[in-house]
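Have a look at the structure below, then the notes.
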Amino acid sequence: MKQISPIIALIILCCHPPVYAQRDFSGSEITKLVLLGTGNPNPSPEQSGCALALVVNDTPYIIDFGPGLVRKSAKLTPRYGGEIEGLETSRLKTAFLTHLHSDHTTGYPDLILTPWVMGRDKPLQVYGPEGIGSMTEHILMAYREDIRYRVYGDEPANNQGWRVNWHEIKHEGEIYRDTNVVVEAFPVIHGSWPNAWGFRFTTPDRVIVVSGDCKPSPKVIEYGAGADILVHEVYSQAGFETKSEEWKAYHRLHHTSTLELAEIAGKTNPGKVVLYHILFWGSSEAELLEEIQSGYKGKVIVGEDLDIF
Ligand SMILES: [Zn+2]
Ligand SMILES: [Zn+2]
């Protein structure tokens, strides 16, 4: 075998691109918010489906179940070279869902089953809109042969971790509390969805407000008051201008433009605005920021998958 000279080896090493560029903005040892997926229904390889993980004192809380969430969260665990032990797959036990759109739920079977296969021995606790119960029961029914085979076949598997305790959110306000976090739900306007929620998470050292999918919604401003981080969905105004009238009408009723977000951010005044569920429609990050900053001078970050806040 030919030897590679040390100089050539060094050049190869230096020029090799990093596996991924990790950005950690958190500055907290207690609370870390991880963007597992900043995407939307478009299957962009760079943006996994919409999902977040809040990790408080190494206990994880998942928010939305876009496709890819389990693998993306594994990426940050020591097992795969990351540093957040709390995201170990078997520790994913508590989850919150904003609404039932498929780009937020096609990862749900993965969240139910994979952590169990990896050793979770307690039922998953899920808090979501009306209809999450029916969706859960149908998923379990669809996978009943897999569950039966794992529980009663030769494979060592526990008979608890595949189960789901689902809770339908019936009212605005506090829906969950433990020693790490208080979670409040608030209704947002997302077309004619009867149940679309945003969430406010209060941890020992951070307040994080998540918009879910919505057009500009007064409750985001109400619950966003005093937030350290406002995670908000957004679409490019320039891109919007290129859409057909039908699509314009749809997006106007369902989502929030950069210009509208500037107004919301101005009224909310959070420590920082983090963009997710981003519809670039051909715009660059700089153009997106420019549109927002034309009406808002605070800190705005274009979220990327695996960013930590
Ligand atoms: Zn969506
Ligand atoms: Zn939606």
Side-chain angles (χ1 to χ4, degrees), residues 33-41 47-54 60-69 72-73 92 94-112 124-136 139 164 166-176 181-202 207-224 227 229-235 251 253-256 261 264 268 273-279 303 309:
L33 177 75
V34 181
L35 308 187
L36 298 179
T38 56
N40 46 66
Q47 295 173 293
S48 257
C50 192
L52 307 169
L54 177 65
Y61 304 86
I62 297 295
I63 304 131
D64 280 355
F65 320 146
L69 86 156
K72 277 285 166 78
S73 61
L92 306 180
T94 311
F96 301 88
L97 181 69
T98 58
H99 68 300
L100 294 172
H101 250 152
S102 59
D103 54 314
H104 299 250
T105 51
T106 48
Y108 190 24
D110 199 11
L111 180 63
I112 295 172
L124 179 69
Q125 302 288 333
V126 173
Y127 299 78
E130 205 169 311
I132 187 66
S134 170
M135 180 180 272
T136 304
I139 289 170
V164 182
W166 48 265
H167 311 265
E168 295 191 337
I169 303 168
K170 294 277 170 52
H171 59 83
E172 175 183 347
E174 185 177 317
I175 56 160
Y176 180 87
V181 65
V182 175
V183 185
E184 294 162 275
F186 54 87
V188 293
I189 308 163
H190 187 39
S192 55
W193 276 100
N195 282 286
W197 300 96
F199 297 120
R200 178 183 168 102
F201 299 88
T202 305
V207 173
I208 295 165
V209 174
V210 177
S211 70
D213 281 13
C214 61
K215 66 177 256 183
S217 300
K219 291 286 180 185
V220 171
I221 296 164
E222 187 183 325
Y223 280 83
I229 303 171
L230 172 63
V231 184
H232 206 292
E233 69 125 272
V234 74
Y235 65 76
H251 287 293
L253 290 172
H254 288 79
H255 297 294
T256 301
L261 181 53
I264 292 161
T268 314
V273 177
V274 174
L275 309 181
Y276 86 140
H277 202 280
I278 306 164
L279 288 160
F309 292 92

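Keep in mind that what you see is a predicted model, and the values were worked out from it rather than measured.
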Hey, does [Y] have a side-chain heavy atom less than 4.5 Å from the side chain of [X]?
X      : Y      : answer
Leu54  : Ile208 : yes
Tyr127 : Ile132 : no
Thr94  : Tyr176 : yes
Glu233 : Tyr276 : yes
Leu35  : Leu52  : yes

Got a second to check how far [X]'s [atom1] is from [Y]'s [atom2], nearest 0.5 Å?
X      : Y      : atom1 : atom2 : answer
Asn195 : Lys170 : CG    : NZ    : 9.5 Å
Phe96  : Ile175 : CZ    : CD1   : 5.5 Å
Thr105 : Asp103 : OG1   : CG    : 7.5 Å
Cys214 : Ile264 : SG    : CD1   : 6.5 Å
His99  : Leu97  : NE2   : CG    : 8.0 Å

field: Residue of the set Asn40, Asp64, Ile63 for which side chain to side chain contact (heavy atoms under 4.5 Å, CB included) holds with His104
entry: Asp64
query: Picking from Ile112, Leu111, Ile139, what satisfies side chain to side chain contact (heavy atoms under 4.5 Å, CB included) with Val164?
result: Ile112
field: Backbone of His254 reached by a side-chain donor or acceptor of His190 within 3.5 Å
entry: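 It does hold such a pair.
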query: So, does Glu168 use its side chain to make a donor-acceptor pair with the main chain of Gly133 at under 3.5 Å?
result: yes
- prompt: Between Phe201 and Ile229, does a side chain to side chain contact (heavy atoms under 4.5 Å, CB included) hold up when you go through it step by step?
  reply: CA-CA 10 Å; Phe201 299 88; Ile229 303 171; over 6 Å; no
message: As a quick check of understanding, evaluate side chain to side chain contact (heavy atoms under 4.5 Å, CB included) for Val220 and Leu230, giving each step before the final call.
response: CA-CA 9 Å; Val220 171; Leu230 172 63; 4.1 Å; yes
